[in-house]
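Worksheet for the structure shown next.
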Amino acid sequence: MNRVMLCSLLRGKGASRKASGRFSASGFGRFLHSLPFTTVDVEEISGSRPAEVLNFVQGEWKKSSSWNIVVDPLNGEPFIKVAEVDERGLQPFVDSLCKCPKHGLHNPFKAPERYLLYGDISAKAAYMLSRPEVSDFFTRLIQRVAPKSYQQALGEVIVTQKFLENFSGDQVRFLARSFGIPGNHLGQQSHGFRWPYGPVAIVTPFNFPLEIPVLQLMGALYMGNKPLLKVDSKVSIVMEQMLRLLHYSGLPVEDVDFINSDGRVMNKLLNESNPRMTLFTGSSRVAEKLAVDLNGRIKLEDAGFDWKVLGPDVNEVDYVAWVCDQDAYACSGQKCSAQSILFMHENWSRTSLVNKMKDLAERRKLADLTIGPILTFTTEAMLDHVKKLLQIPGSKLLFGGKALENHSIPPVYGALKPTAVYVPLSEILKGDNFDLVTREIFGPFQIVTEYKNDQLPMVLEALDRMHAHLTAAVVSNDPIFLQEVIGNSVNGTTYAGMRARTTGAPQNHWFGPAGDPRGAGIGTPEAIKLVWSCHREIIYDYGPVPKHWEVPPST
C-alpha cells in the first residue's frame, strides 16, 4: 500500500471535510507548519521518512541508545522509531521521581497557586484542541498508529478537549474542596483534605492513545502529584505530541516525565523508584503481577468481558441492532468496554435482530477503517478461538468467522471480519466451557446467547461468575426487570434503558470497574479524587484550656 493510497484511506476515501466543517487535505497542509508544538507531519510518516519518538525526563527531551521500530499496522512498513530506554538508562527517571516529596508538588497548604495554574493550562490546551487544524492533526495521528474510522478517532479528541474544558478556571481547586466538623470542645475542629501521593506512575494501553493518558495524567497533576507516564510504544507518538502541546500551554517542564520502554524495564523502574501510587490500564494478567510487585499501591482499570442483557420488552429493533453493532465492532472491537457477550430474551430471538446485526456488521470495511487491524491478536489466534467455541454442543457461527481479504496488514497483527458465535446458555455455565466462552478477545468478536423467562437466574449467575466488571448494559424500559438485573450485578459503568450501550466514555460520567477496591475511575471529579488523592484529616485544637484545670489521675 503506497503512501497516496494510505492517506486516501485515512481520509475515508476522500470524504469531504469541508462539508463537515473540517479542513481539506490541502488546507491542512498549510496549517500543519503553523502549529507551534508539532515535530511530525502526519501525511509524511513512512518508511522513507520515519517519525521519531523521544523520552522526556528532568525537563529535557532525550534520545536513548536503542530504537524500537514500529511498523505501520496497515501495510507493515517500518514507519516510527521509538527511543526506548533500557535498564542502563533508568537512573535519571528514578532520580526525578525520588526528588518529589510524599506531600506532592502542591497541596491545600503548599503552593495553592498551582491549582490556578492548572486551570489555566487546561483552558489553553482545551482551546488548542478545539482548533480544527489541531483536532484534525491528532485525529489522523491516532489513525496512523491505532487504525479506526475518522469519526471514532475524532471522538477521542473531542472527549479529551471537553475534559480539559471541564477543568478550566477554578475547577481544579474545587477538586481539593475540604470539609469541617465541629469538635468536642471550644477551639477544636476536624477538617478533611484531599492530599496528593507525590511521586506516581501511569501506564496506559494502545487502544485510546490520547484520551486515556491525557485524562489520567491531568488528574494526577491537578491533585499535586508528579507523574511518570508510559504509553504503549506502538502508539506513544500521539502522547509525545500531546505533551509538547501541554508544554506550549504552560505545563511546567519539571512536572511530568515520559518514558518509552518494554514491560520488563518498566517493571524494574517501578520497583526501583517506588512510586506512591501507580495507575495501570491494561490486561488483567499484568495488573495482578503489578499489584504484587507494588505491594498493593495501585489502581486498576483492567480487562473487561462486558455483557449486555436484552430484557423481555421488545422495542426499537433497528436502533438496538445498531447499538449492538457499534458496541461490538467499532474500533474493530478494541475497546475495554466492547460488547463481549449478548444475552437475548427469547422475545428478541423472534425478531430480525440477529439478521440486522449481521447486515450492519457486513457494511464494515477496511476502506474506511470501520474494520481494521487487531493489534494484540493474530488472525490465526482469533480463528482458533472460534473453532474451539464451535466444538461446544449447540454452538453455531452467526456471521463472520473469516479473515479479512485483499489487504496488506502485516501478519503480526490480526485481520478478522466482524464475528458472532452463538453458544447455548446451559453450555456456557458448564465448568469446562465458562472460561473459554468468557475469554476476552480484544477484537471484532462477540458471544450471543438466548434465555427464557425462567432462565434469568442463570443469566445472573453467569454475570456474577465473570471476573472483570467494567461496563454493562441492560436494554429494557421495564423498571422491575432493570431493578432485578442491576441489583444482582456489579459492573462499574452500567447503562440501563432501551438506549443502553456498553461503550462510550464521555467526559461527563464516571468510567471504571467496580467490585474491586483497586478499581480506578476516569473522567469525573469523583474519579480524579479517588485515584489521585487520599484523605488527610487535620484536627485543630486551639483551646483555651478550661480555667482551674488540673492534671487528672492516670488512666
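On a predicted model such as this, the values are computed, not experimentally measured, just so you know. Any value given below was found using the heavy atoms of this structure, including those in side chains, with hydrogens, waters and symmetry copies removed.
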Side-chain donor-acceptor pair present, [X], [Y], cut-off under 3.5 Å:
X      : Y      : answer
Asp136 : Tyr150 : yes
Asp306 : Ser340 : no
Glu240 : Trp61  : no
Gln152 : Lys335 : yes
Arg194 : Ser533 : yes
Thr38  : Gln241 : no
Asp368 : Ser149 : no
Asn491 : Thr471 : no
Tyr222 : Ser122 : yes

TODO: Applying side-chain contact (heavy atoms from CB on, under 4.5 Å), run through Met357 and Glu362 and close with a yes or a no.
DONE: CA-CA 9 Å; Met357 287 167 53; Glu362 290 175 349; over 6 Å; no

Beyond-backbone contact of [X] with [Y], side-chain heavy atoms, under 4.5 angstrom:
X      : Y      : result
Val200 : Thr278 : no
Leu105 : Cys100 : yes
Phe167 : Ile528 : yes
Pro147 : Leu74  : yes
Ser64  : Asn55  : yes
Leu141 : Ile45  : yes
Leu404 : Leu416 : no
Leu251 : Leu243 : yes

Donor-acceptor contact present, side-chain [X] to main-chain [Y], <3.5 Å:
X      : Y      : value
Lys230 : Ala201 : no
Lys529 : Cys534 : no
Glu301 : Thr281 : no
Ser168 : Leu164 : yes
Gln143 : Lys148 : yes
Asn225 : Trp532 : yes
Asp327 : Thr502 : yes
Asp232 : Thr204 : no
Ser96  : Pro92  : no

Open item on the list: Between Asp255 and Lys226, does any side-chain N to carboxylate O distance fall below 4.0 Å?
Closed with: no

- [ ] Flag the pair Asp325 and Lys356 as a salt bridge only when some basic side-chain nitrogen lies within less than 4.0 angstrom of an acidic carboxylate oxygen.
- [x] no

Which distance, rounded to the nearest 0.5 Å, do you find between the [atom1] of [X] and the [atom2] of [Y]?
X      : Y      : atom1 : atom2 : answer
Leu54  : Asn260 : CG    : CG    : 8.5 Å
Leu375 : Gln334 : CG    : CD    : 5.0 Å
Leu290 : Leu300 : CG    : CG    : 8.0 Å
Leu360 : Thr370 : CG    : OG1   : 11.0 Å
Leu35  : Phe138 : CG    : CZ    : 8.5 Å
Glu211 : Ile142 : CD    : CD1   : 9.0 Å

Open item on the list: Under the criterion salt bridge (Lys or Arg N to Asp or Glu O under 4.0 Å), I'd like the reasoning laid out for Arg140 against Glu43: C-alpha separation, chi angles, the key distance, then a yes or no.
Closed with: CA-CA 9 Å; Arg140 298 185 49 246; Glu43 299 279 7; 2.7 Å; yes

Examine [X] together with [Y] and report whether their ring centres are nearer than 6.0 Å.
X      : Y      : answer
Tyr413 : His407 : no
Phe109 : His103 : no
Tyr329 : Phe445 : no
Phe37  : His247 : no
Phe442 : Phe377 : no

What heavy-atom pair brings [X] and [Y] nearest, and what distance separates the two atoms?
X      : Y      : answer
Ala126 : Glu165 : CB-N, 3.6 Å
Pro73  : Phe79  : CD-CZ, 4.1 Å
Pro444 : Ile371 : CB-CD1, 3.7 Å
Val231 : Pro213 : CG2-CB, 4.0 Å
Val70  : Ser233 : CG2-O, 3.8 Å
Gln216 : Gly521 : NE2-O, 3.2 Å

Surrounding [atom1] of [X] (heavy atoms of other residues, nucleotides or ligands, distance under 6.0 Å), is the total greater than 12?
X      : atom1 : value
Glu526 : CD    : yes
Gln151 : CD    : no
Tyr127 : OH    : no
Lys63  : NZ    : no
Lys124 : NZ    : yes

Open item on the list: The test is side-chain hydrogen bond (donor to acceptor under 3.5 Å, both in side chains); show your working for Thr503 and Gln339 and say whether it passes.
Closed with: CA-CA 7 Å; Thr503 61; Gln339 178 176 305; over 6 Å; no

TODO: Classify the angle between the aromatic ring planes of Tyr319 and Trp322 as parallel (below 30°), tilted (30 to 60°) or perpendicular (above 60°).
DONE: tilted

Open item on the list: Under the criterion side-chain contact (heavy atoms from CB on, under 4.5 Å), I'd like the reasoning laid out for Phe56 against Lys62: C-alpha separation, chi angles, the key distance, then a yes or no.
Closed with: CA-CA 6 Å; Phe56 193 79; Lys62 300 281 190 180; over 6 Å; no

- [ ] Test side-chain contact (heavy atoms from CB on, under 4.5 Å) on Leu217 and Met239 and set out the steps.
- [x] CA-CA 10 Å; Leu217 174 69; Met239 199 57 207; 3.8 Å; yes

TODO: Using the side-chain contact (heavy atoms from CB on, under 4.5 Å) rule, take Ser236 and Val82 through it: C-alpha gap first, then chi angles, then the decisive distance, then the call.
DONE: CA-CA 8 Å; Ser236 61; Val82 180; 4.1 Å; yes

